[in-house]
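Everything numeric here is computed off the predicted structure, so don't read it as measured data. Sequence lines set the chain letters: A, B, ... in the order given, protein chains first and strands last, and positions in each chain run from 1.
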Amino acid sequence: MIELEHVAFSYAEHPVLQDLSFRLEEGERAVLLGVNGCGKSTLLKILAALEFPVVGSYRYRGREVTRKMQKEQERALRREIGILFQNPDTMLFNPSVYEEIAFGLQEIDAEAVDERVRAIAELFGIAHLLERSPLKLSGGEKQRVAFAAIFAVGPRLLLLDEPMANMDPRSSGWLVDFLQEQEATTLVTTHNLSLAPELGDRALVLGEDHRLLYDGPVAELLADERLLLEANLLHRHRHRHGEVEHSHYHLHDWS
Amino acid sequence: MSLRTLSRLERGFFLFYLLLAFALVSLHDFRVLAFSALLFLLVDPALAKRALLAEIFFTLGVTLAYLLRALWMPPVDWGYLLTLNLRVFVVTFLTLYTVRSLNLSRVFAFSPTLQFLYTAALSQIESYRASYRDFMLALKSRTLKPMRERKRYDFLRAMLHYFAVKSMHNATERTAALKARGFFDRA
């Protein structure tokens, strides 16, 4: 479904991604790991055809994705690829949650839109918010609304950038369960290693040098302490138990 | 070159910029300004284009307002209008050139307050720029068909709301941080 070959990207003269090659098959669930600033968000934007590689090529379902694509081709791509931004505020602009979900469903007739919006709202547990302004919701609610809005269009590929970042533990749990039930191909970014096995079977790790450091099963990654240290995904801190003090590595989220 | 020498040199350059900008603002001869503009254009055409884009709406607004006023109070002083437009262009170019060439944080190193304010302003600008970029990309990612006029207004309203709330929040946080560091206790 996705094929990247030697992709590189930079902002001004700062490299953001370097020599990235991987494939993602239809229906696959993968998790993209790496510390802040390693290029995870940019990679998702490239996969969503919002940014374009400076070097290398990106193919989506066999078609080359470039800046020179026709408008129609670009829009067809947007219909198939849903991207959830890290900051949901940047995605919400409609006067009500209802309109937020309905935006993007313009091709369906009015009655079907209403039905679809209500079904999606029910699925995402936001039916009680439909009349509210998205701008006045809590961070977790905004995240759900933004996700519901992109999900409503029925994308084949879901790109989620730190979807749990604004969510409370209950909502995070709900999202994990929800994603496990989906058939769409998903790529989820996180630096929370403890959640990684729940979000995908395959892990892609971006190193601090903006290169792909690992591509393989999540379970093997979690067992490889050397690699986790190299990717700066492990941390070590001291514990005190009365008079006794010791330190060891941790997988849990440090943020 | 040591950091100290570099810092001095940059401060000297900045002082030169201030003096030159002051001289250009005080000039009333459009021929000198036109010559400066031509010189700048030859020195760095790409930066000259950026300077023009940065100030065009301002000068257009001022020019139109002046011409409208001239409808009631003729005649139009074309020399004045040309001087004004050229002056804005050369000062904008000079400012962009200075900002690009110098490390302003080093220039303001003689005053911790000035340096702090500069860093705070810069981080604010960078964060706003990143948010603005994300707003535009997020909209692009969700737009499957050409947008209706009303939706464009909704988008603009939401973006302005976000920046207004963010500005208020940042200002409150920054004031609290400055207060905590004793910034307002200085005589």
Check ion pair A:Glu51-B:Arg133 (N to O, under 4.0 angstrom): yes
Greater than 12 external heavy atoms within 6.0 Å of B:Tyr80's OH: no
Over 12 non-hydrogen atoms of neighbours within 6.0 angstrom of CZ in B:Arg106: yes
Within 6.0 Å of CD in A:Gln73, more than 12 heavy atoms from elsewhere: yes
Separation of A:Glu99 CD from B:Lys151 NZ (nearest 0.5 Å): 4.5 Å
Heavy-atom pairs under 4.5 Å with chain B, option from A:Glu74, A:Arg75, A:Gln86 with the top count: A:Arg75
Within 6.0 Å of CZ in A:Phe22, more than 12 heavy atoms from elsewhere: yes
Chain B contact via A:Asn94 - which portion, at a heavy-atom distance below 4.5 Å: both
Minimum heavy-atom distance B:Ala138-A:Thr90, with the two atoms named: CB-O, 3.4 Å
Shortest non-hydrogen contact between A:Lys45 and B:Leu137, atoms and distance: CD-CD1, 3.7 Å
Which portion of B:Lys166 sits near chain A, non-hydrogen atoms under 4.5 angstrom: neither
Contact residues of residues 124-133 of chain A (partner chain B; heavy-atom separation under 4.5 angstrom): none
Whether over 12 other heavy atoms sit under 6.0 Å from A:Glu115 CD: no
Spacing of B:Phe135 atom CZ and A:Phe85 atom CZ [to the nearest 0.5 Å]: 11.0 Å
Rounded distance (nearest 0.5 Å) linking atom CG of B:Leu144 with atom CG of A:Leu105: 8.5 Å
Backbone of A:Met91 reached by a side-chain donor or acceptor of B:Arg142 within 3.5 Å: yes
Neighbour count above 12 (heavy atom, 6.0 Å) for B:Phe13 CZ: yes
Segment of A:Glu80 engaging chain B (4.5 angstrom heavy-atom cut-off): neither
Within 6.0 angstrom of A:Arg61 CZ, more than 12 heavy atoms from elsewhere: yes
Pairs of heavy atoms under 4.5 Å with chain B: top-ranked of A:Ala48, A:Ala149, A:Ala146, A:Pro95: A:Pro95
Heavy-atom contact with chain A under 4.5 Å, split by part of B:Ser141: both
Residue-level interface, residues 155-164 of chain B with chain A, non-hydrogen cut-off under 4.5 Å: B:Phe155, B:Arg157, B:Ala158, B:His161, B:Tyr162
Closest contact, heavy atoms only, B:Thr143 versus A:Phe103: OG1-CZ, 4.3 Å
CZ/B:Phe35: more than 12 non-hydrogen atoms of other groups inside 6.0 Å: no
Heavy-atom proximity to chain A below 4.5 Å, by part of B:Arg152: neither
